[in-house]
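Structure first, commentary second.
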Amino acid sequence: MSNETQEQVQDEGELVAARRAKLEWLRDEMGVDPFGHRVDGIMSLAHARSLFDAAADDAHAASVAANKEDASREVVDARPKALVAGRIVQHRDVGKLVFMVVRDDTDDLQLSLSKADLAPEQFKLAKKLDYGDIVVAAGRVGKTKRGETCIWADQLSIHSKSLVPPPGKHHGLSDPETRYRRRYVDMYANPGTIRTFKARSRMITRIREFMNARDFLEVETPMMQPIAGGAAARPFMTHHNALDIPLFLRIAPELYLKRLLVGGLPRVYEINRNFRNEGIDRSHNPEFTMLEVYEAFGNYETILELTESLVHQLAVATREDLLAEDPDQDLGTAEAPVLPFGELRVRYARPFRKVRFHELFEEALGFPASDIEKVRAVAAELGREHAPDMDDAFVVNEVFEARAETTIDPEQPTFVYDWPSVISPLTRPRADDPSLAERVDLFIGGMEIGPAYTELNDPDIQYGKFTEQLSGLDDEEESTFRTLDEEFLDALRVGMPPAGGLGLGIDRMAILLTNSPSIRDVILFPLMRPIEAGDEAAE
RNA sequence: GAUUCCGUAGCUCAGUUGGCAGAGCAAGCGACUUUUAAUCGCUAGGUCCUGGGUUCGAGCCCCAGCGGAAUCACCA
């Protein structure tokens, strides 16, 4: 066990051995630190490329030609200077010339190194560098004879020796497991990865700008909660030693954000992680990011407007980003963006479609949800064994999710509203029909993006819905993590203003706007099963 | 948790009817002052995911396990 690391080093193979030999060569014979040092004034590769000056390049070429004919005529070089850093992703040694392509988070750029331009040791270094090494180079921005924009380097130094064999230079890294487990390799091998995460970051910045512009206050509420409320999901459990109490990682921030409405903040939002101990698939990761919004004296209609404006605005901005990369795309118009999502083209023009729950139900099933005999027949078809003793409204909801939700046009953002009240215990029932909740859900690309509610602020009705919900649970669930949140009810009794609220899935929004197939492609480090060391796990 | 598919060199992948383990790139040595996945010559590189089984013989067939992907279930 103790010499495992040593064995590992020995077992790493010839590729690593070759790199370690170069590491020693750098230290012993070249006298350089293979892991570099501080460098000031580095510019991005995209910026360096933008410095290219055709006139200066032509003048320099003419000056070199003149000098060749008549050595007394000095070479004039007005080409712009650049200092850059990057990871080597291609390396071509052509004898007394070395070409390498370096990559940073903005671009790829070729470094051209001529034996004539560099100190002898630096040219020796240029020939020995590997794919994966991080280098710093200085020189003039120009072009090669073949027209490639490059930096004709006169200074070159290594700032990190990569000891690990890199993925292939043309196929990149495509194995999904390796991409998620070794994201840092994925990031340099596949430039699209960094593009995606930059797009996600921009999206979140824009959400903050949107919310702040509407005078909402960003807040942070507990991630560790004594009672995991605000949603129905299995929580992760932990323990606080000093207080000797169980704690739950939150499944939603809702009950705390509402306490802030009680306290007198009229418009609040939070962008942060929720944790749900459930399955993992293309649209679920155990930890995921939510935007939650509460607006005093609003309702589900004001929140619907807010949601539609926000999503539309994000789509407009995303369209501009995509056009900046490639102007020759058909992405609709500025006001009516059409964005690709897999094989789909999602139309973000306002207004989005709005359809009542029961209308969509009847449209999809061919009979009204009130025809409970037929509803239960379909539920039986679906193989829901527990359906017979289930409350009618739950059965309706199951059938809706299986047969109606799937009929929503994935290319047309759609709000479904007036959901059955029983499935929304934190939502205010309609005054004219208490069986319906003032709830609206946004669907895009076949995914539920987020629900918006008129929040329930009557403490007595809320108490009733909580106890009703708890009575339907078995002992294990109740004793482990479903408890009546008395403190929240106390807050409601103090008095919460009427309000509208929203929960928007940030990861799913990122999936849509970055045109990614899986939530794992928009979460930097998605949860993976750890690789067990040795065969101790076998049992 | 269920089902299906996948796991072969650093990467991307072939591998026929069960009969000596393969290619391209990457790597090592050599050549080359304009390469663009550079080119040319030579060389090296394998726990075929793991463990059993069948067989004269298993990368290939069977069983179990591990890891991944997709679909389903769970996630109001």
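Note on naming: letters A, B, ... go to the chains in the order of the sequence lines (proteins, then strands), and numbering restarts at 1 for each one.
When both pairing distances are held under 3.5 Å, B:G59 makes no Watson-Crick or G-U pair with any nucleotide shown. Using N1 to N3 plus N6-O4 or O6-N4 for Watson-Crick, or N1-O2 and O6-N3 for G-U wobble, each under 3.5 Å, B:U54 pairs with nothing. In this entry B:C48 has no Watson-Crick or G-U wobble partner, no candidate having both defining distances under 3.5 Å. B:A31 is paired with B:U39 under the Watson-Crick or G-U wobble criterion, all donor-acceptor distances under 3.5 Å. When both distances must be under 3.5 Å, the Watson-Crick or G-U wobble mate of B:U17 does not exist. Across all strands shown, B:C25 forms a Watson-Crick or G-U wobble pair, both distances under 3.5 Å, with B:G10. With a cut-off of 3.5 Å on both Watson-Crick or G-U wobble distances, the partner of B:G1 is given as B:C72.
Dashed line: the shortest gap from a side-chain N or O of A:Arg181 to OP1 or OP2 of B:G68 is under 4.0 Å. When the side-chain nitrogen and oxygen atoms of A:Lys115 are compared with OP1 and OP2 of B:U33, none of them lie within a distance under 4.0 Å. Residue A:Arg520 places at least one side-chain N or O closer than 4.0 Å to OP1 or OP2 of B:A70. Considering only side-chain N and O atoms, A:Lys22 lies under 4.0 angstrom from the phosphate OP1 or OP2 of B:G28.
The stretch residues 276-292 of chain A touches RNA chain B through A:Arg276, A:Glu278, A:Gly279, A:Asp281, A:Arg282, A:His284, each having a heavy atom under 4.0 angstrom from the strand.
A salt bridge does not link A:Asp133 with A:Arg87: none of the charged nitrogens is closer than 4.0 Å to a carboxylate oxygen. Taking a cutoff of 4.0 Å between a charged side-chain nitrogen and a carboxylate oxygen, A:Arg439 and A:Asp418 do not qualify as a salt bridge.
Rounded to whole Å, the P atom of B:C25 lies 7 Å from the corresponding atom of B:U39. Comparing B:A2 with B:G65, their P atoms sit 9 Å apart, to the nearest whole Å. Taking atom P on both nucleotides, B:U50 is separated from B:A73 by 35 Å, rounded to a whole Å. Spacing between B:U54 and B:C60 at atom C1', rounded to whole Å, works out to 14 Å. If you take atom C1' in B:A14 and the same atom in B:C75, they sit 42 Å apart, rounded to whole Å. Between B:A70 and B:C29, the two P atoms lie 42 Å apart (nearest whole Å).
Inspection of the A:Asn274 and A:Arg250 side chains reveals an N or O donor paired with an N or O acceptor under 3.5 Å. A:Tyr256 and A:Glu254 are not linked by any side-chain donor-acceptor pair at a separation below 3.5 angstrom, with hydrogens and angles left out of the test. Side chains of A:Asp186 and A:Tyr180: a donor-acceptor N/O pair is absent below 3.5 angstrom, by distance only.
Checking B:A37, B:U34, B:U36 against the side-chain heavy atoms of A:Lys145 singles out B:U34 as nearest. Comparing B:A76, B:G67, B:U33 against the side chain of A:Lys96 picks out B:U33 as the nearest. Considering only side-chain atoms of A:Asp175, the nucleotide from B:U36, B:U12, B:U34 that sits closest is B:U12. Comparing B:C11, B:A37, B:G28 by their nearest atom to the side chain of A:Lys169 picks out B:A37. Side-chain proximity of A:Pro176 to the nucleotides B:G68, B:C32, B:G45 is greatest for B:G68.
Nucleic acid contact for A:Gln90: sugar-phosphate only, since backbone atoms but no base atoms lie under 4.0 Å from a heavy atom of the residue. Across all strands shown, A:Pro425 has heavy atoms under 4.0 Å from base atoms, whether or not it also approaches the sugar-phosphate. Using a 4.0 Å heavy-atom criterion, one finds that A:Arg179 contacts no nucleic acid atom at all. Contacts of A:Tyr131 with the nucleic acid, taken as non-hydrogen atoms under 4.0 Å apart, are absent.
A search for ring pair (Phe, Tyr, Trp, His ring centres under 6.0 Å) contacts involving A:Phe357 returns A:Phe400, A:Trp419, not counting sequence neighbours.
Between A:Gly95 and A:Arg529, the residue anchored closer to the 5' end of RNA chain B is A:Gly95, taking for each the nucleotide with the nearest heavy atom. Projected onto RNA chain B by closest heavy-atom contact, A:Gly147 and A:Ser174 fall at different nucleotides, the more 5' of which corresponds to A:Ser174.
Side-chain contact between A:Leu247 and A:Gln225: absent, with no pair of heavy atoms (C-beta onward) separated by less than 4.5 Å.
If you measure from atom CG of A:Asp186 to atom P of B:C11, you get 14 Å, rounded to the nearest angstrom.
For B:U34, the base has no donor-acceptor partner in the side chain of A:Ser114 [N/O atoms by modelled type, under 3.5 angstrom].
Sequence neighbours left out, the pairs with a member in residues 49-64 of chain A that pass salt bridge (charged side-chain N to carboxylate O under 4.0 Å, His left out) are A:Arg49-A:Asp107.
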> So A:Thr407 and A:Glu405, side chain to side chain donor-acceptor pair (under 3.5 Å) or not? Walk me through it.
Replying inline: CA-CA 5 Å; A:Thr407 66; A:Glu405 236 174 71; over 6 Å; no

